[in-house]
There are 2 protein chains.
Amino acid sequence: MNMAQRRTTIKDVAEAAGVGVATVSRVLSGGSASAETRERVLATAARLDYRPSALGRNLRQQRSGGIGLLVPDITDSFYARLTDGVLSCARSYGEPVTIGVTGDDPEQEAELIGTLIEQSMDRVIAVPSGDGETWAPALRAGLNVVFADRQVRDDVPGVVADDRAGVRTAVEYLVGLGHKKIAFLARHGQSQRVAAFTDTLTSMGVPVDPELVVHARASRDSAYAAAAGLLQHRADLTAVLTGGNMLGEATVLAARELHVRIPRDVSLVMFDDVPWAELCSPPLTVIAQPAQDVGYRAAELVLRQGRRPRTVTLPTELIVRASCGPRR
Amino acid sequence: MNMAQRRTTIKDVAEAAGVGVATVSRVLSGGSASAETRERVLATAARLDYRPSALGRNLRQQRSGGIGLLVPDITDSFYARLTDGVLSCARSYGEPVTIGVTGDDPEQEAELIGTLIEQSMDRVIAVPSGDGETWAPALRAGLNVVFADRQVRDDVPGVVADDRAGVRTAVEYLVGLGHKKIAFLARHGQSQRVAAFTDTLTSMGVPVDPELVVHARASRDSAYAAAAGLLQHRADLTAVLTGGNMLGEATVLAARELHVRIPRDVSLVMFDDVPWAELCSPPLTVIAQPAQDVGYRAAELVLRQGRRPRTVTLPTELIVRASCGPRR
DNA sequence: AAGCATGATGGAATCGTTTCCATGAACATG
DNA sequence: CATGTTCATGGAAACGATTCCATCATGCTT
């Protein structure tokens with residue numbers, strides 16, 4: 001027995017149905033045809049279990065269907081949920097999704113963009129890494145890009161969570177609790193959130209201490225180092241706001257290591273709600289982001305050609321648990 | 001200005017270099033050519049920034065490069081890490097990865113397999129959902145499949161963690177602590193682990209109570225329901241072993257909800273180590289699995305054609321933290 | 001009835017690559 | 001010098017779909 005026999009092609013169907021290949025193609029893609037022919041072709045195609053080869057179609061139309069997705073780190077719960085949203089939307093359109101992780105590194109990102117272009121993928125959703133410069137060639141090549149979670153160029157539509165409002169709410173909450181020495185532990189590139197942080201402080205009459213804004217790279221180690229450094233060098237701080245769940249995780253870990261009690265010694269608010277925030281000790285007060293929706297909406301945007309809004313902003317929500325207390 | 005100008009093709013390069021397209025193709029794919037020609041072609045290709053279109057190549061070779069990856073749930077940390085491993089290996093081969101989530105549902109899985117075949121993807125890594133029956137047509141079609149995390153047919157190579165040893169170690173640990181009424185909270189399809197569980201109990205002379213083996217579906221809700229049901233109806237149990245991190249999460253949550261104290265009232269061992277296990281209160285004793293390695297090795301297997309071993313089994317490790325105590 | 005519009009249909013071109021095969025040159029061997 | 005061998009090379013076929021265009025039949029209008 002010879003396994004892997006040749007697959008059924010449109011030619012086979014045409015022959016079996018006694019029509020031309022053009023007719024089969026038309027029938028299958030909803031073009032005009034007489035009722036009788038249509039029925040015969042459909043029946044034959046079903047009988048032969050014919051599935052059009054994406055290869056042939058793609059070459060002819062000069063573009064592969066499907067959408068490319070570039071995220072910094074699939075291991076991070078936030079991007080995993082975002083990815084889930086993209087997949088969920090893509091599935092309903094029957095579009096395959098090709099994924100790549102950039103490690104938040106513009107160089108790797110550029111390489112992955114190259115791969116996508118090689119595949120003639122013309123629809124891409126990305127969480128961009130550096131400034132938007134990496135994307136200039138891709139855009140020139142006619143790529144249909146939608147940014148998710150971060151907005152780094154204004155000639156590309158994007159879907160983001162409402163950073164500013166989220167940070168503002170959190171800071172207001174903390175200040176309301178009496179805190180003045182509030183640190184912001186950010187990932188590089190979260191300039192939006194940092195700006196919102198300082199803006200809110202000044203608008204509330206709290207002096208901002210630039211040394212209390214600390215940046216980390218997008219790895220667990222870097223996050224831990226930053227958190228531990230902050231907690232060690234600034235014994236005077238009473239509250240920490242982290243720019244992402246990995247930073248929050250690192251802060252809890254570092255605090256435990258250094259015998260800093262949460263919320264007794266310092267209060268903690270984490271950007272991004274994750275399942276374990278509730279299991280943590282103490283349960284973490286967070287700014288929840290609709291990660292899955294961000295992905296879903298981005299996919300809708302990239303799939304529905306046509307009109308493209310500037311930027312879609314999705315609301316965030318402060319969820320109060322038990323990691324914040326009054327200023328000690 | 002007209003954006004999106006036609007992309008450079010092999011024909012352009014051939015013309016510019018004054019050679020035939022066949023020669024260009026040969027040079028670029030390492031075939032034989034005179035040193036002089038080779039150099040000229042290479043230079044021209046670089047000058048024109050030529051990148052071969054994957055579309056043309058794929059059609060010609062009757063297969064799209066790249067690998068397909070099917071996981072039950074990208075939101076689950078374990079599968080996210082597995083995916084990360086696959087991506088990491090695939091990247092070093094320059095192969096794109098197309099991902100799909102099955103929701104652990106054979107029907108959705110079958111649909112996704114259909115999509116992959118449509119794309120002429122002939123290399124697939126999958127965490128299979130039901131029994132392996134879904135895969136029969138794909139295998140007949142000549143698909144190159146590698147299973148990850150679960151082994152459901154023996155005509156397909158696979159990479160799995162050492163379930164049996166992991167469960168055995170955990171049960172031995174628990175029994176050593178004096179526990180006799182130990183529950184196993186499993187996901188459907190984890191028959192390997194369940195078998196190892198009962199085997200170990202009997203081999204240690206502990207009577208097995210079939211009602212203490214509880215199954216849940218692969219969703220958060222189902223996991224929670226199962227955990228809560230178990231904790232409520234079986235007040236006599238003193239230890240729980242969960243078959244995955246989602247079930248562990250659900251158990252911690254349900255225990256807290258029902259005022260069951262861990263480890264004072266019941267001890268808990270969770271299959272799969274996740275970053276938050278350490279942040280949990282109490283920190284969870286777990287059976288760590290090399291999720292990333294599973295993915296990486298699976299990718300190696302599917303990319304390196306050639307010799308294909310039966311099954312690769314990777315070791316697990318019991319990490320003792322603070323969620324287990326002596327029998328109360 | 002002639003002319004015209006409409007609609008169904010199939011042949012052939014096309015997309016960009018790889019690969020088969022023929023050609024011709026260069027070289028070695030007798 | 002004749003013949004055989006090796007090698008570089010380019011033309012052309014092939015992959016499987018879509019789509020342009022020409023053809024032909026039908027039905028309607030005048």
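Numbered from 1 within each chain, the chains take letters A, B, ... in sequence-line order. All of these numbers come straight from a predicted model, not from anything done at the bench.
Per the geometry, CD belonging to A:E15 stands 14 Å off C1' belonging to D:dG16, to the nearest Å. Rounded to a whole Å, the CZ atom of A:R51 is 12 Å from the P atom of D:dA17. Distance CG (A:N58) to P (C:dT14): 20 Å, rounded to an integer number of Å. The nearest whole Å value for the distance from the CD1 atom in B:I10 to the P atom in C:dG16 is 11 Å. Note: NZ (B:K11) to C1' (D:dG11) measures 12 Å, nearest angstrom. For the pair B:R63 CZ and C:dT17 C1', the computed distance is 14 Å after rounding to whole Å. Rounding to whole angstrom units, CD of residue B:Q62 and C1' of D:dA13 are separated by 14 Å. Following rounding to the nearest Å, B:Q119 (CD) and D:dA17 (P) show an atom-to-atom distance of 13 Å.
Overall bending of the helix from C:dA1-D:dT30 to C:dG30-D:dC1, expressed as the angle between end axes built from five pairs apiece, is 50° (10° steps).
Here CG of A:D293 is found 5.5 Å from CG of A:L314. Values are rounded to the nearest 0.5 Å. Rounded to the nearest 0.5 angstrom, A:Y50 OH and A:L28 CG are separated by 6.0 Å.
Under the 3.5 Å distance criterion, with hydrogens and angles disregarded, a donor-acceptor pair is assigned to the side chains of A:T37 and A:S34. Side-chain contact, B:R81 with B:S77: a donor N or O sits under 3.5 Å from an acceptor N or O.
Checked for salt-bridge contact, A:R150 and A:D104 meet the test: a charged N lies under 4.0 Å from a carboxylate O.
Contact between the side-chain N/O atoms of A:Q61 and the OP1/OP2 oxygens of D:dT19 is found at a separation under 4.0 Å. A sub-4.0 Å separation between OP1 or OP2 of D:dT9 and a side-chain N or O of B:S34 is present.
Looking at heavy-atom distances under 4.0 Å, B:L59 makes contact with a base. Residue-level contact check: B:S32 touches the backbone only, with heavy atoms under 4.0 Å from sugar-phosphate atoms and none from bases. Residue-level contact check: A:S25 touches the bases, meaning some heavy atom is under 4.0 Å from a base atom.
The neighbour count for A:E111 CD, taken as heavy atoms of other residues, nucleotides or ligands under 6.0 Å away, does not exceed 12. By the neighbour-count criterion of 12 heavy atoms within 6.0 Å, atom CZ of A:R91 is densely surrounded, having more than that number from other residues, nucleotides or ligands. Within a 6.0 Å radius of CD in B:E95, more than 12 heavy atoms belonging to other residues, nucleotides or ligands are found.
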Do any N or O atoms of the protein come closer than 3.5 Å to N or O atoms of nucleotides 10-13 of chain C, and which pairs are they?
unit_1: C:dG10; atom_1: OP2; unit_2: A:G20; atom_2: N; d: 2.9
unit_1: C:dG10; atom_1: OP2; unit_2: A:T23; atom_2: OG1; d: 2.4
unit_1: C:dG10; atom_1: O5'; unit_2: A:G20; atom_2: N; d: 3.4
unit_1: C:dG10; atom_1: N7; unit_2: A:R26; atom_2: NH2; d: 3.0
unit_1: C:dG10; atom_1: O6; unit_2: A:R26; atom_2: NH1; d: 3.1

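Ranked by how close their nearest DNA chain D nucleotide is to the 5' end, B:E36 and B:G56 are led by B:E36.
A donor-acceptor pair is defined here as one N or O able to donate and one able to accept, closer than 3.5 Å; such a pair exists between the side chain of B:D12 and the backbone of B:T9.
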